[in-house]
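Here the structure is a predicted model, which is why all the values come from computation and not from measurement. FYI, the numbering just counts along the sequence from 1.
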Amino acid sequence: MPIISLNKTNDFFGREKEIRRINEALNDPGFVVVTGKMGSGKTAILRRIQEENPARTTFIDMRCTDIRRTHEGIPDFRRITVLARTVEWNLLLDSMPPEKSTFTDAWKMSQMHCMRCAVAARYSRRLIRDIQEELPRAAVVDVPPLTERDTERYIRCRAPGFRAVRAE
């Protein structure tokens with residue numbers, strides 16, 4: 001039986017509402033926290049936003065070892081600030097550590113450099129509560145799992161010959 005890879009694809013389904021909400025939040029208040037369960041599509045959404053406006057948007061994956069190695073020993077906030085000076089418009093930070101201080105530092109950076117910023121992290125009820133208390137002007141956009149219909153479209157696109165049947 002062949003292996004069908006369904007991750008790390010350029011195919012994109014069912015996220016128009018979330019993209020619209022993130023873009024609106026980037027315009028006002030200018031800082032948005034994108035949350036969702038692991039695998040819900042946070043990274044794909046941020047990458048899509050960057051692809052739609054590459055000249056004015058920078059995507060930084062905080063899992064990137066090159067960034068960490070280049071600026072080793074410098075706290076995340078200062079490391080991001082160094083990178084942010086090249087950003088003209090939107091900064092998209094993916095895979096932020098789920099700590100309140102990381103988000104407040106990103107907020108300060110966005111205010112200091114007058115830039116719009118979206119940060120993504122795995123959903124945590126406590127983290128969202130902390131962010132809403134600490135940063136009341138920040139918008140929060142939750143990314144739910146794909147709907148069943150969008151999941152079926154995605155699988156059909158990636159594996160046209162695949163036919164799923166419901167278990168009884």
Side-chain angles (χ1 to χ4, degrees), residues 7-10 12-146 150:
N7 60 356
K8 299 198 188 291
T9 178
N10 293 329
F12 197 80
F13 296 102
R15 296 302 188 192
E16 294 79 12
K17 183 174 87 172
E18 288 81 6
I19 289 174
R20 187 181 69 250
R21 289 183 60 214
I22 292 167
N23 281 322
E24 288 170 358
L26 282 169
N27 288 321
D28 184 36
F31 190 85
V32 59
V33 178
V34 181
T35 67
K37 293 182 178 180
M38 189 168 108
S40 64
K42 301 176 297 294
T43 299
I45 289 170
L46 292 185
R47 286 186 188 278
R48 177 55 57 111
I49 291 170
Q50 194 276 331
E51 289 169 6
E52 290 174 354
N53 196 358
R56 305 208 50 182
T57 306
T58 298
F59 176 90
I60 300 173
D61 187 337
M62 295 305 293
R63 294 171 291 200
C64 178
T65 56
D66 292 340
I67 293 171
R68 295 178 191 278
R69 195 174 303 125
T70 303
H71 302 285
E72 195 167 347
I74 302 174
D76 279 345
F77 172 61
R78 291 206 33 229
R79 192 169 50 228
I80 295 167
T81 303
V82 167
L83 295 166
R85 295 181 189 199
T86 63
V87 177
E88 294 179 22
W89 195 255
N90 296 328
L91 180 64
L92 310 174
L93 302 170
D94 190 31
S95 301
M96 291 287 278
E99 300 157 8
K100 180 173 66 170
S101 63
T102 310
F103 289 87
T104 55
D105 286 347
W107 169 269
K108 290 176 195 172
M109 176 200 61
S110 72
Q111 300 302 300
M112 192 178 350
H113 295 286
C114 299
M115 75 174 77
R116 295 172 177 142
C117 186
V119 293
R122 191 178 308 167
Y123 176 80
S124 155
R125 183 175 287 136
R126 180 175 166 223
L127 176 64
I128 298 306
R129 186 190 67 234
D130 289 347
I131 289 169
Q132 289 173 332
E133 287 174 5
E134 191 76 24
L135 307 169
R137 291 198 59 232
V140 176
V141 174
D142 184 48
V143 177
L146 282 175
D150 286 330

- Decide yes or no for R137 and W107: does some side-chain heavy atom of the first lie under 4.5 Å from some side-chain heavy atom of the second? yes
- Query: So do the side chains of R47 and Q50 get within less than 4.5 Å of each other, counting heavy atoms only?
  - Reply: no
- Query: Taking all atoms of both residues into account, what is the closest heavy-atom pair of F31 and S110, and its distance?
  - Reply: CD1-OG, 3.6 Å
- Could you tell me whether the side chain of S40 reaches within less than 4.5 Å of the side chain of R122, counting heavy atoms only? no
- Message: Are V32 and E24 packed together at the side-chain level, in the sense that at least one heavy-atom pair is separated by less than 4.5 angstrom?
- Response: no
- Query: Just how far is it from atom CG of L92 to atom SG of C117, taken to the nearest 0.5 Å?
  - Reply: 7.5 Å
- Interatomic spacing from CZ in R129 to CD in E133 - rounded to 0.5 Å: 6.0 Å
- Query: Backbone N or O of V119 within a donor-acceptor pair of the K42 side chain at under 3.5 Å?
  - Reply: no
- Task: State whether the side chain of N27 and the backbone N or O of N23 hold a donor-acceptor pair below 3.5 Å, judged by distance alone.
- Result: yes
- Rounded to the nearest 0.5 Å, the CD1 atom of I49 sits from the CZ atom of R15 at a distance of 12.0 Å
- Message: Ignoring hydrogens, what is the shortest heavy-atom contact between L46 and A120? Give both atom names and the distance.
- Response: CD1-CB, 3.6 Å
- What are the two closest heavy atoms between V140 and R21, and how far apart are they? O-NH2, 3.7 Å
- Message: So E52 and I19, do their side chains get closer than 4.5 Å, heavy atoms only?
- Response: yes
- Side chains of V34 and V143: closer than 4.5 Å at any heavy-atom pair? yes
- Message: Tell me if a side-chain donor or acceptor on K100 pairs with a main-chain N or O of D130 at a distance below 3.5 Å.
- Response: no
- Query: Closest approach of F59 and D94, non-hydrogen atoms and distance?
  - Reply: CZ-CB, 3.6 Å
- Is it true that E51 and R48 have a side-chain N and a carboxylate O under 4.0 angstrom from each other? yes
- Note on the structure: When every non-hydrogen atom of A118 is compared with those of I22, the smallest separation belongs to CB-CG2, 4.4 Å
